[in-house]
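Remember, it's a predicted structure, so these values are computed and weren't measured experimentally. Residue numbering restarts at 1 for every chain, and letters A, B, ... go by the order of the sequence lines.
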Amino acid sequence: AQSVSQHNHHVILSEAASLELGCNYSYGGTVNLFWYVQYPGQHLQLLLKYFSGDPLVKGIKGFEAEFIKSKFSFNLRKPSVQWSDTAEYFCAVNAAGTYKYIFGTGTRLKVLA
Amino acid sequence: NAGVTQTPKFQVLKTGQSMTLQCAQDMNHEYMSWYRQDPGMGLRLIHYSVGAGITDQGEVPNGYNVSRSTTEDFPLRLLSAAPSQTSVYFCASSSPAGGAGSYEQYFGPGTRLTVT
């Protein structure tokens, strides 16, 4: 069965610090990968997605993620975080050709001004 | 397009009461799904539908019913609410994107349900 692991449950950073959130999945076939962000009191918004091609994907608000197939990983990065990045971040996996998504448990990021 | 809409935004129920959470999308998406979000557990799939008249169970279906009579609507019914169903519920719909077999999911604003 597919599963998604986000190892960092809570992360606290100061503004301008660099961010890397881990995401690993278990599935042997072709996958589509996503990172979603949920700001306090709001619904999930798509940050970035990977379907195929260049494994380094750039998303909105300066975020990027790298798909490393050999490590089954899709880590999210941002070189310099801002206070407004305080939110919960979810990694999700979708087996190619299917509709179903599997979500990780989320990482709560707090950025100190 | 309004995208994915959900009503109500907030609801308080007493144990044993029933209610229906509404979800609608105007993007003509075939696939729709319901998730519940609980602290530390991420989003868990309750039920999903791959088209009108077709539904299936997700990871946590117990205590919930769904139906899909039209492409646009996918209501979630709680037959007899329990405190364990206190959660935030999100509806989502998917469209093909980025090539064959790739789908992008759009989320509604959520319904915060409290069962006392």
Asker: Could you tell me which portion of B/Gln6 (side chain, backbone, both or neither) has an atom closer than 4.5 angstrom to a non-hydrogen atom of chain A?
Answerer: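 Neither; nothing under 4.5 Å.
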Asker: Using the ring centroid of each side chain, check whether B/His47 and B/Phe74 are separated by less than 6.0 Å.
Answerer: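 No: the rings miss the under 6.0 Å criterion.
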Asker: Does the A/Gln6 side chain pair with the main chain of A/Asn24, one donor and one acceptor, at a distance under 3.5 Å?
Answerer: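 No.
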Asker: Could you look at B/Leu43 and say if it's the side chain, the backbone, both or neither that has a heavy atom under 4.5 Å from chain A?
Answerer: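 Backbone plus side chain of B/Leu43, per the 4.5 Å heavy-atom cut-off to chain A.
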Asker: Classify the angle between the aromatic ring planes of B/Tyr48 and B/Tyr31 as parallel (below 30°), tilted (30 to 60°) or perpendicular (above 60°).
Answerer: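 Taking B/Tyr31 first and then B/Tyr48, their aromatic rings sit tilted (interplane angle of 30° to 60°).
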Asker: Please work out which of the three classes, parallel, tilted or perpendicular, describes the rings of B/Phe107 and A/Phe103, given edges at 30° and 60°.
Answerer: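 The rings of A/Phe103 and B/Phe107 stand perpendicular, inter-plane angle above 60°.
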Asker: Between A/His10 and A/Leu109, is there a side-chain heavy-atom distance shorter than 4.5 Å?
Answerer: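 A side-chain contact under 4.5 Å is absent here.
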Asker: Is A/Lys49 salt-bridged to B/Glu104, cutoff N-O under 4.0 Å?
Answerer: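 Judged by the 4.0 Å cut-off on N to carboxylate O distance, A/Lys49 and B/Glu104 do form a salt bridge.
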Asker: Let me know if B/Glu59 has heavy atoms under 4.5 Å from chain A in its side chain, its backbone, both or neither.
Answerer: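 B/Glu59 has no heavy atom closer than 4.5 Å to chain A.
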Asker: Can you tell me which portion of A/Phe90 sits under 4.5 Å from chain B's heavy atoms? Options are side chain, backbone, both or neither.
Answerer: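 The answer is the side chain of A/Phe90.
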Asker: What part of A/Leu46 gets closer than 4.5 Å to chain B, counting heavy atoms only: side chain, backbone, both or neither?
Answerer: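 For A/Leu46, side-chain heavy atoms alone lie under 4.5 Å from chain B.
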Asker: Which bit of A/Gln45 comes within less than 4.5 Å of chain B, counting heavy atoms only: side chain, backbone, both or neither?
Answerer: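 For A/Gln45, neither part sits under 4.5 Å from chain B.
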Asker: Just give me the residue among B/Gly58, B/Ser33, B/Gly108 that pairs up with chain A most often, heavy atom to heavy atom, under 4.5 Å.
Answerer: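 Option with the top pair count is B/Gly108.
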